[in-house]
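Just so you know, ligand 1 is whichever comes first in the structure, and atom 1 is the first atom listed for that ligand.
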Amino acid sequence: MKLSQIFELIDGEYLSIGIDHDIAHLMTDSRKAFDLESGLFFAIDGLHHDGHSFIPELIKAGFQNFVVEKEIEAFSEKINIIKVASSVRALQAIAEAKRALFNKHVVAITGSNGKTIIKEWLAQMLSEKQNICKSPKSFNSQIGVPLSVWPLSDAHDLGIFETGISEPGEMTSLKRVIQPTHGILTNIGSAHEQYFTSIEQKLDEKLILFEAIDQLYYCNDNPLINEGIGRMKKPPKHKTSWGFNSEADLQVAKKEGSFFILKSKTETFTLKLHSVNETYVENIMHCICFAYFNGWSPSEIQKGIDALRPIKMRLELKKGINQTYIIDDTYNNDLAGLEIALDFLSQQKHYPQKSLILSDIPQSAPKESTYARVAELVQEKDITQLYAIGSELADFKSLFPSSTKFYPTTEDFLQHSTDNFEKEVVLIKGARSFGFEQIAKQLTERIHRTVLEIDLDAVTHNLNVYRQQLKADTKLLIMVKALAYGSGGSEIAHLLQFHKVDYLGVAYVDEAVQLRKAGINLPIMVINPSEEDLPNLVTYNIEPEIYSFAQLKVFSEFYMKKGIELKGHFTINTGMNRLGFDPEDLEALVNEIKHLPHVKVQSLYTHLAASDEAEHKSFSLQQLQTFKAYAEKVEQQLGIKTIKHALNSAGIVAYSEYQFDMVRLGIGLYGIEPSGNLQHELKSISTLKTVISQIRNVKKGETIGYGRKGKVTKNMRIATIAIGYADGFSRIFSNGNGEVMLNGQMAKVIGNVCMDMTMIDISNIEAEEGDTVIIFGEKPTISDLAKKAKTIPYEILTNVSDRVKRVYFAE
Ligand SMILES: *Cc1c(COP(=O)(O)O)cnc(C)c1O
């Protein structure tokens with residue numbers, strides 16, 4: 001579509017007009033805006049970010065086409081800026097027009113649960129025969145749906161899109177965009193209840209999607225749903241149901257273990273499912289119902305469900321061999337998924353070297369333009385080395401960089417290449433038939449059975465929660481000391497760099513040096529630097545805290561000799577009595593600094609002693625007042641303005657009027673709010689997990705573990721789990737004090753915690769060897785453990801030992 005055609009669709013005005021480009025991509029995320037001439041960026045004023053604020057940066061990068069809601073200056077004549085009343089509405093109008101050009105079937109999926117799984121499974125099954133356009137991941141919102149529908153073209157045989165709503169009124173616009181011919185209603189649950197007056201109202205809103213479509217598939221076991229469909233003013237032309245009752249068009253007549261005997265009007269047949277778990281059955285039955293009534297034979301359906309792979313809803317970053325990081329995305333390969341994975345790859349700044357191991361993209365038509373786009377992506381995302389596996393990629397050799405290595409099959413690649421990877425980030429992205437999980441296995445470090453999983457999206461979420469607490473011009477320093485409170489220093493720092501925080505803080509210079517070596521270039525403040533650290537401070541451009549006259553003397557002489565400016569963060573002690581200048585020293589300090597022209601007061605700060613305890617409120621206020629008075633005096637006497645800061649996580653919540661110029665966020669980012677007031681808004685970021693190594697039955701009268709402390713009072717089932725105090729599971733959790741989560745139930749520790757292992761009582765829990773055990777996460781929480789250990793969450797977090805592997809993931 002030409003930009004001028006788009007202009008006709010969206011009822012806006014040109015603020016600036018340049019070349020009438022062909023628009024190939026729509027985008028709303030400035031980080032993903034790369035097509036300088038063929039991309040169209042929609043500036044959306046959202047909850048956390050205002051898209052308009054990224055426009056100057058995008059223009060500087062050469063990006064040319066924008067849809068905005070506010071007055072924006074173009075700075076250059078090449079730029080196209082169209083102003084509209086609502087960017088989201090404009091985005092929808094364009095997708096709607098694109099959809100109208102497609103005259104084959106489009107399936108829309110909605111319901112409370114299972115939308116994404118059903119969509120992905122259906123696409124996996126159908127893609128054996130058809131070329132499918134589907135929503136990436138769970139792009140089902142007012143913005144996600146139009147972005148999903150936009151790529152729909154003549155090359156596709158079918159569209160499958162999911163929708164989600166959270167408020168009344170939203171479905172009408174989504175229906176306009178998707179214009180479904182077919183629909184699947186997954187179920188109706190209690191999520192998003194708050195904006196609806198009743199379940200019925202919510203269901204009616206969802207059913208708007210299916211008004212007057214050709215064909216609806218649904219489960220007729222729930223009377224609520226049957227009544228809802230009955231209420232529709234413009235019902236679907238045809239309805240087909242599955243269910244456990246005899247009214248259903250496809251009835252589950254009988255279950256024998258995982259064998260399901262299904263009955264339609266014309267035949268009875270048996271399928272073997274892969275689980276009898278209720279959710280699995282519900283999701284897979286929707287897919288079976290759809291396939292069956294679209295002409296698939298039972299044996300084709302069986303083949304289809306046997307070939308389904310579990311859907312990974314998120315990308316994971318794992319540590320690999322030779323200090324590599326591995327992103328393992330080996331279950332499917334299409335363009336939309338490749339783009340998402342490449343975005344995730346380009347956010348990983350651990351090493352400049354980025355490799356992509358890629359298979360052919362099956363069922364992609366037309367091939368020419370698909371592989372041309374792949375080649376473009378390889379270039380845009382700065383892939384340093386491409387490994388191309390499969391005959392189609394080889395056919396298009398000329399499109400790819402000359403350094404590309406081609407292999408006919410996965411086996412060829414495995415024989416030749418896996419030892420060469422070192423200090424790089426590797427994305428493994430392959431279609432199912434290529435069996436890339438073998439590559440992932442060879443490149444990933446063997447995981448010690450205990451892992452700490454870090455949810456990078458939760459970190460981002462928490463960051464945004466705190467950003468909302470800040471005034472517009474308050475800077476943000478994040479404390480990443482002690483390996484980001486145990487969560488992994490460089491990984492968290494990279495995320496923070498990506499989100500453009502202003503400063504990082506660490507306790508010791510070694511920690512800062514590690515961050516610099518890992519590619520972090522944000523300013524870093526070090527709280528406790530010492531004389532031996534001086535060369536590193538200078539070499540790595542790290543800014544020290546200055547807390548005493550003696551230290552100032554030594555440091556300033558060193559910097560003077562080197563002929564460079566010393567940017568110091570001067571601490572004022574207002575009651576913590578840890579490090580810092582006392583208020584009465586400040587006059588002398590000012591006089592000293594006046595004689596040291598190469599010393600710059602980069603910031604002035606103090607630290608609260610009890611910001612998380614309401615009973616010490618008057619003390620905290622007094623600290624803040626003292627700091628304010630003295631810091632302002634120092635500024636006045638030196639005739640300068642510096643960055644003044646005082647608040648840590650709890651302080652940000654309790655004393656928000658004292659943000660001064662910057663705040664220092666620590667534990668809150670990691671999901672714990674010490675004062676408790678903001679806890680409900682934060683997400684838990686880390687889950688410490690291990691597995692059951694062995695299960696045994698023990699008889700009444702026996703004992704468990706060292707010192708025979710675990711007394712067996714009745715016949716019991718005991719599981720030995722692969723975590724001990726050397727991993728950070730303190731001995732204080734021995735003998736029933738500690739509890740872990742196993743298959744949804746709590747299990748108590750029995751006997752003493754050993755160095756590497758612990759025994760738990762699972763007499764009342766169904767479990768097998770190899771099952772996952774949660775030490776902390778959503779439940780039990782870090783705070784639960786802290787209470788039992790009579791300590792604070794900070795200590796639980798930072799105690800997880802180095803030998804526990806960290807695994808990072810993001811949606
Ligand atoms: C650790 C630390 C912080 C962060 O404290 P939290 O309670 O984790 O938010 C802030 N300032 C200084 C000086 C610190 O040492």
Protein contact of atom 9 (O) of ligand 1 - nearest heavy atom, named by residue and atom, plus distance: S649 OG, 2.5 Å
Contacting atoms of ligand 1, where contact means under 4.0 angstrom from a heavy atom of Y485: 1 (C), 4 (C), 5 (O), 6 (P), 8 (O)
Nearest option to atom 2 (C) of ligand 1, as decided by whichever heavy atom of R664, K481, R578 sits closest: K481
Nearest non-hydrogen protein atom, atom 12 (C) of ligand 1: H607 CE1, 3.4 Å
Pairing of E557 and K561 as salt bridge, 4.0 angstrom limit: no
Nitrogen or oxygen atoms of G666 and ligand 1 under 3.5 Å apart: yes
Validation row, ring centre F733 to ring centre Y725 under 6.0 Å: no
Pair H569 + Y503: ring centers closer than 6.0 Å: yes
V501 vs L477 side-chain heavy atoms within contact, under 4.5 Å: no
Y351 side chain reached by Q323 side chain, heavy atoms, under 4.5 Å: yes
Side chain to side chain, D661 and K641, heavy atoms closer than 4.5 Å: no
Atom 3 (C) of ligand 1 - nearest protein heavy atom and its distance: M479 CG, 3.4 Å
Pairs meeting criterion ring-ring contact (aromatic ring centres under 6.0 Å, His included) with involvement of residues 775-796, two or more places apart: none
Side chain, backbone, both or neither: D612 near ligand 1, heavy atoms under 4.0 Å: neither
Which residue and heavy atom of the protein sit nearest atom 7 (O) of ligand 1, plus the separation: Y794 OH, 2.6 Å
Shortest protein heavy-atom distance from atom 5 (O) of ligand 1, along with the residue and atom involved: N648 CB, 3.5 Å
Distance filter under 4.0 Å to I667 heavy atoms, resulting ligand 1 atoms: 6 (P), 8 (O), 9 (O)
